[in-house]
Protein chains: 2
Amino acid sequence: MTPLDPGTKTQILDVAERLFAEQGFAATSLRALTAAAGVNLAAVNYHFGTKEALLVAVFERRLRPLNERRLAGVDALMREADAAGRAPSLEGLLDTLFRPVLEMAGEPGGDSCAKLFARVHLETEAEALESMFLAQFCAVRDRIMPALLRALPDLPEHELIWRLHFAIGALAHTMQSTIRLQWLARGKAMTTDREATLRRLVGFCAAGMRAPASKEDR
Amino acid sequence: MTPLDPGTKTQILDVAERLFAEQGFAATSLRALTAAAGVNLAAVNYHFGTKEALLVAVFERRLRPLNERRLAGVDALMREADAAGRAPSLEGLLDTLFRPVLEMAGEPGGDSCAKLFARVHLETEAEALESMFLAQFCAVRDRIMPALLRALPDLPEHELIWRLHFAIGALAHTMQSTIRLQWLARGKAMTTDREATLRRLVGFCAAGMRAPASKEDR
DNA sequence: CGCCATTTCAAACGTTCGTTTGAGTGCAAA
DNA sequence: TTTGCACTCAAACGAACGTTTGAAATGGCG
């Protein structure tokens, strides 16, 4: 195994992330996967144990650095805000939450993982996956929620939860694929530049989160 | 088959919609499906042809009346606006777009279909499904887009497309299940009343769509 | 009743699945 | 050179899959 050779394990992870994203977890057979990866069929079970454990490994490889960047971003924004004696900026927090996801989508293979991410975000393919997922995101949630509460001091917490829920939905739907967007545009060319997408997403969600709460819900 | 007996075909549709939503299409076997429905294994192939055709039938049963209600709603709003000589209300249009989905989720079995709907919205399980899907939604898109353009006359069309995309994401994520919301709330009880959810969703998306476009994108 | 079309049924079809096995390979340390 | 270990490989395992088949029910109609 030379430095250029990614190695069997990495090769499996790369192909798995692509095929799982394209066809879904249950619809992707280990035979097709290992054939596409150019490795032996038994290699998956040797290196990862089971197919389900492979799915968990695919996610962990991407999610760990992604959420670390998010946490570091929130911390930096909070330090800045504390130093200046003011609340953190809503746009800054949303940017910190969204940017690592869009940046991951720009890495080689990351676009597949972003799609897969959006998929599994609403599937319960594996129970082991669900627990890993929740563990990964708990830290982000617990760190960003107080920050958002400070950025939006007039918003009741349960309203903020709903709106963050909506914002995550907008992010997930954006990550899923650009096919729906293209369809929505009826063939009209759309710019899918990362910074522009991020700016639009942040702008949309920031405005939505700042909307005055209806008096029935206040 | 008495009037109380839903009949084999309906029974299959009901159970399929539930199981597909809970476990996914590929992960649901026809054996488990027919056993849960209390019908013979061969009944699916007899009544629907293939498993894939069953999935299409599951969707068509729900989507047709849903999109008819949407179209009628947009037409009514446009007639009102034309009669009064003003633009249609953005909140009204979003309500018309979202309400039939939330109402379907309130019907028996409709919650499953809403989940399934959100799932397949980002899966490409079947090619026949994709074409049925697009055909169903083309009419809605082509009818509501000009209405939204009139409600937001200052917004460039490509900006509107992006923002509608985000709004659909928020809707889809809301429909998927309340589990993620509960997790976000860290166990704090959340009201999931339909009208309140609708009001929040409409308010969030209306504010997001009305946000001034950043000068880079104008 | 007897006829016919529709529907149900148990059984089997061939295929593909995830996983296991045991022999074989290459390589670094002893 | 020999031992040990990490890894790869072809082959096979039993189970489960979607689908097909042909016979048995079912029920309305002359």
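Naming convention: chains lettered A, B, ... in sequence-line order (proteins, then strands); numbering from 1 in each chain. Just so you know, these numbers come straight off a predicted model, no measurement behind them.
Residue pairs satisfying the side chain to side chain donor-acceptor pair (under 3.5 Å) criterion with at least one member in residues 40-51 of chain B, sequence neighbours excluded, are absent.
Remark: B:His47 is not in phosphate contact with C:dT6, judged by side-chain N or O atoms under 4.0 Å from OP1 or OP2.
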- Just by protein heavy atoms under 4.0 Å, how would nucleotides 11-21 of chain C read 5' to 3' in B, S and -? -B----BBBBB
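Applying the side chain to side chain donor-acceptor pair (under 3.5 Å) criterion to A:Glu157, with sequence neighbours excluded, gives no partner residue. Shown here are the side chain to side chain donor-acceptor pair (under 3.5 Å) partners of A:Glu68, two or more places apart in sequence or in another chain: there are none. Scanning for side chain to side chain donor-acceptor pair (under 3.5 Å) contacts around B:Arg31 gives an empty result, with sequence neighbours left out. With sequence neighbours left out, B:His165 forms a ring pair (Phe, Tyr, Trp, His ring centres under 6.0 Å) with A:His173.
The interatomic distance linking B:Ile12 (CD1) with C:dC9 (P) rounds to 10 Å, in whole Å. B:Gln11 places its CD atom 16 Å from the P atom of C:dT7, with the value rounded to the nearest Å.
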